[in-house]
Every structure is written in structure tokens, then in C-alpha cells.
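First up is the structure itself, then whatever we jot down about it.
Along the sequence shown, residues are numbered consecutively beginning with 1.
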Amino acid sequence: MTEALDALLDLLDLEQIERDYFRGRSRSALVPRVFGGQVAAQALVAAGRTVPGNRPPHSLHAYFLRAGDPGAPIVYMVDRIRDGRSFTTRRVVAVQHGNPIFHLSASFQTYEEGLEHQTDMPPAPDPESLPTAAEMLPRHLPADVAARLIEARAAVDLRYADAPPWASVGTAREPRSQVWFRTNGKLADDPLLHIALATYVSDMTLLDSVLLAHGRGGWAVGDVVGASLDHAMWFHRPFRADEWLLYDQESPSASAGRGLGQARIYTQDGRLAVTVIQEGVVRVPRS
């Protein structure tokens, strides 16, 4: 396990301060606010700590309400909405400085057999054939920006199948993007941990396809400003976040200063593991 992954796992290991109250820390991000994927993953961990271990999450729906302060702890307050025979529902509010910054609803289910079908996995290059972030980023970004981005993503091996937005500025493309990802090290056999880590990564690149449609480079080059607004995930089948996962992303719409991204996450052997939808603020800076 790498030092960066160990630090990320420590970040997700929340401190329990009351029966349904948990406290989390933050890490520095590329922008002066808490990374949205971190808050979503921590909130899901907080909810999962109040649910029996044989009921992994099957969905989450979340809203980002305020920019988080990376220098202050975050308190996660869990509301035990329902404990049924098959399903468990939790609501989590993340609070900083007396204000809610994030709201999450999550549902958990006991495993059961049922009908099966899925959308086929799209074609994608072998992840081992693609350049690593450390190899790709310095080719396209200023050295200081590349170094910060590599550091921020050091816990995850994330590889772009095509040129990312900041490598094709000024050229509008089809609003589709693919990345392969896995953690930089092996993880324990804890389904909640693997789902939390996929939740963490899911906020890194989902709006890339919005930027590609307009030839914008994004947050790394500063030709748009934005933030996540809401985030939804459905967990269909078991997966491991320490094994290669294909994040196949597209944007069906952008309007009114907002962009929509939708995606599917597949295991390397073609099983559909997760569906993700996110809307975010995507604005062109005023001159």
C-alpha cells in the first residue's frame, strides 16, 4: 500500500463522537475548498457505520450545499430513517462552522437473487497500455499545476483512454470520456470501503465530458469555473476498487450555467458495477 492510499484510508476512518455523530478531517485540494468526492465518501462511511455489515449501500443521492473549509473538521450527523427487513435508509448532514455543507440520503440492502440484465461494456483500451498520471500530466500542464494534480490523486492510479480536456483546449469534441482507475495498493475485504473509494473517485472526472463538448480545459487551466451541485450513484454489482474499473462518461446537456454528466462504471471483465449522474456549475469566467 502506498503512503498516499494509507493517508486516504485514514481520512475515511471517521472518529465517532456520539452514537450517530462522526467527525472527519480534510486534505488539501486543487481549489480552496473541500473536494466533493471526499465529503460524499465520508458521509457514506458515516451512514454505513450505523447499518449492519451484511447490508451494503445500493444507492446514494446527495446535494453539495456550501463550499467546505479544508482547515476545519466536518461533523456528520446520521438520521436513522428506516430499518426494514430488506432495506435500510439513512440521511446524513455534514456540518461546518454551524452550517450544513452537504446532504446525503443512502439506501442499503441485504443481498438477494433477482432478474439480471445489463448494458454491455463499451470498447476501451487495455489500462496497462495507457500512460500514468505522472507520465501524462507534465506533458500538458504547467509544472506546478501538474505536480499539485499528481499529489491530489496519488492514492489512485487513474489513466485517461483519450486526451483529457486540459490536453485538447480549443478543440470541441464529442462529449464522451473514458478513464480507468484503481487504488494504488490492495484494500481490505470490506464492501463499504470499496464503495466509498469508488464514490471518492467518481467526483474527479465526471464533468470532463461537459468541457470536451466546448473545447474547454477546465479547472486545471482556469478557462471555466465550477462546482458540483448534486450527485447520485446506484451500486448494481459487487466490485473491488483495487482492481481496474472503467469509468465511461458522457454529457447529454449543458445549459443555464450548469452541465450534466452521466456515467457507468464497469469491472475489467465487463460487469456493470455502478451508474453515476452528476450536475455541476460550469461557467465561463467573466473577462
Side-chain angles (χ1 to χ4, degrees), residues 2 4-5 8 30 37 117-141 145-147 149-187 194-195 197-221 233-252 259-278:
T2 65
L5 179 57
L8 176 55
L30 292 174
H117 80 273
Q118 69 162 70
T119 300
D120 290 339
M121 179 178 174
D126 183 340
E128 300 289 352
S129 70
L130 301 173
T132 65
E135 294 167 339
M136 172 182 274
L137 288 164
R139 301 177 194 166
H140 304 286
L141 293 172
V145 176
L149 195 53
I150 290 170
E151 181 183 4
R153 297 180 175 180
V156 180
D157 188 350
L158 191 150
R159 306 190 185 193
Y160 283 86
D162 300 297
W166 29 264
S168 56
V169 177
T171 302
R173 292 162 41 194
E174 182 184 5
R176 295 187 63 88
S177 175
Q178 287 183 331
V179 297
W180 286 97
F181 73 88
R182 65 180 178 185
T183 57
N184 268 320
K186 283 295 182 182
L187 301 172
H194 290 263
I195 290 173
L197 281 161
T199 301
Y200 178 87
V201 177
S202 70
D203 191 40
M204 287 183 175
T205 63
L206 186 50
L207 297 181
D208 280 2
S209 52
V210 177
L211 305 176
L212 291 172
H214 303 275
R216 296 281 169 170
W219 350 111
V221 300
M233 303 180 73
W234 293 264
F235 307 102
H236 308 300
R237 294 169 180 83
F239 63 88
R240 294 189 63 91
D242 55 6
E243 297 177 353
W244 285 118
L245 296 168
L246 177 66
Y247 200 9
D248 186 63
Q249 305 152 100
E250 63 178 338
S251 175
L260 184 69
Q262 59 187 28
R264 297 184 177 99
I265 298 177
Y266 293 87
T267 61
Q268 196 170 10
D269 61 2
R271 290 178 296 112
L272 177 59
V274 189
T275 297
V276 192
I277 297 179
Q278 182 185 81

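Between the CG atom in Asn184 and the CG atom in Leu5 there is a gap of 7.0 Å [rounded to 0.5 Å]. Note: Glu135 CD to Leu130 CG = 10.0 Å, rounded to the nearest 0.5 Å. The distance from atom CG of Leu272 to atom CH2 of Trp234, rounded to the nearest 0.5 Å, is 12.0 Å. Atom-to-atom distance recorded for Ser202:OG and Ile277:CD1 is 12.0 Å, nearest 0.5 angstrom. Between atom CD of residue Glu250 and atom CG of residue Leu206 there is a gap of 10.5 Å, rounded to the nearest 0.5 Å. The CG atom of Leu211 sits 10.5 Å away from atom CZ of Arg173, with the distance rounded to the nearest 0.5 Å.
Heavy atoms only, all atoms of each residue included: Ser251 and Leu260 are closest at OG-O, 2.7 Å. Taking each heavy atom of Arg176 and Leu212 in turn, the nearest pair found is O-CD1, 3.2 Å. Counting all heavy atoms, side chain and backbone alike, His194 lies closest to Ala241 at ND1-N, 2.9 Å. Looking at every heavy atom in both residues, Pro138 comes nearest to Ala133 through CD-O, 3.9 Å. Annotation for Gly270 and Met121: closest pair CA-SD, 3.4 Å, computed over non-hydrogen atoms. The minimum heavy-atom distance linking Leu246 with Ala124 is given by the pair CD2-CB, 3.7 Å.
Within the 4.5 Å cutoff, no side-chain heavy atoms of Val276 are placed close to those of Gln249. A 4.5 Å side-chain heavy-atom check between Pro164 and His140 finds every atom pair outside the cut-off. The side-chain heavy atoms of Arg153 and Thr205, taken from C-beta on, include a pair separated by under 4.5 Å.
Of the candidates His236, Arg264, Gln262, Thr275 forms a side-chain hydrogen bond (donor to acceptor under 3.5 Å, both in side chains) with just one, namely His236.
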**OP:** In sequence, state the C-alpha distance, the side-chain angles, and the governing distance for Arg182 and Glu243, and then conclude on salt bridge (Lys or Arg N to Asp or Glu O under 4.0 Å).
**Re:** CA-CA 5 Å; Arg182 65 180 178 185; Glu243 297 177 353; over 6 Å; no
Subject >> From CA spacing to verdict: side chain to side chain contact (heavy atoms under 4.5 Å, CB included), Asp157, Thr183 >> reply: CA-CA 6 Å; Asp157 188 350; Thr183 57; over 6 Å; no
Original post:
Run the side chain to side chain contact (heavy atoms under 4.5 Å, CB included) check on Trp244 and Arg159 step by step: do they pass?
Top reply: CA-CA 10 Å; Trp244 285 118; Arg159 306 190 185 193; 3.5 Å; yes
**OP:** Could you give me the CA-CA distance, side-chain angles and deciding distance for Trp166 and Asp208, then say whether side chain to side chain contact (heavy atoms under 4.5 Å, CB included) is met?
**Re:** CA-CA 9 Å; Trp166 29 264; Asp208 280 2; 5.6 Å; no
**OP:** Give the intermediate values and the outcome of side chain to side chain contact (heavy atoms under 4.5 Å, CB included) for residues Phe235 and Thr199.
**Re:** CA-CA 10 Å; Phe235 307 102; Thr199 301; 3.8 Å; yes
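The side chain to side chain contact (heavy atoms under 4.5 Å, CB included) test applied to Ala198 returns Phe239, not counting sequence neighbours. Listed by chain and residue number, nothing satisfies the side chain to side chain donor-acceptor pair (under 3.5 Å) test with Trp180 (two or more places apart in sequence, or in another chain). With sequence neighbours excluded, no residue satisfies salt bridge (Lys or Arg N to Asp or Glu O under 4.0 Å) with Asp162. In this structure, the side chain to side chain donor-acceptor pair (under 3.5 Å) partners of Gln278, at least two apart in sequence or on a different chain, are Asp203, Ser228, His231. With sequence neighbours excluded, the residues that form a side chain to side chain donor-acceptor pair (under 3.5 Å) with Gln178 are Asp248. Scanning for salt bridge (Lys or Arg N to Asp or Glu O under 4.0 Å) contacts around Arg271 gives Asp269, with sequence neighbours left out.
For Tyr247 (side chain) and Ser177 (main-chain N/O), no donor-acceptor pair under 3.5 Å exists by modelled atom type.
Asp120 CG: 12 or fewer foreign heavy atoms inside a 6.0 Å radius.
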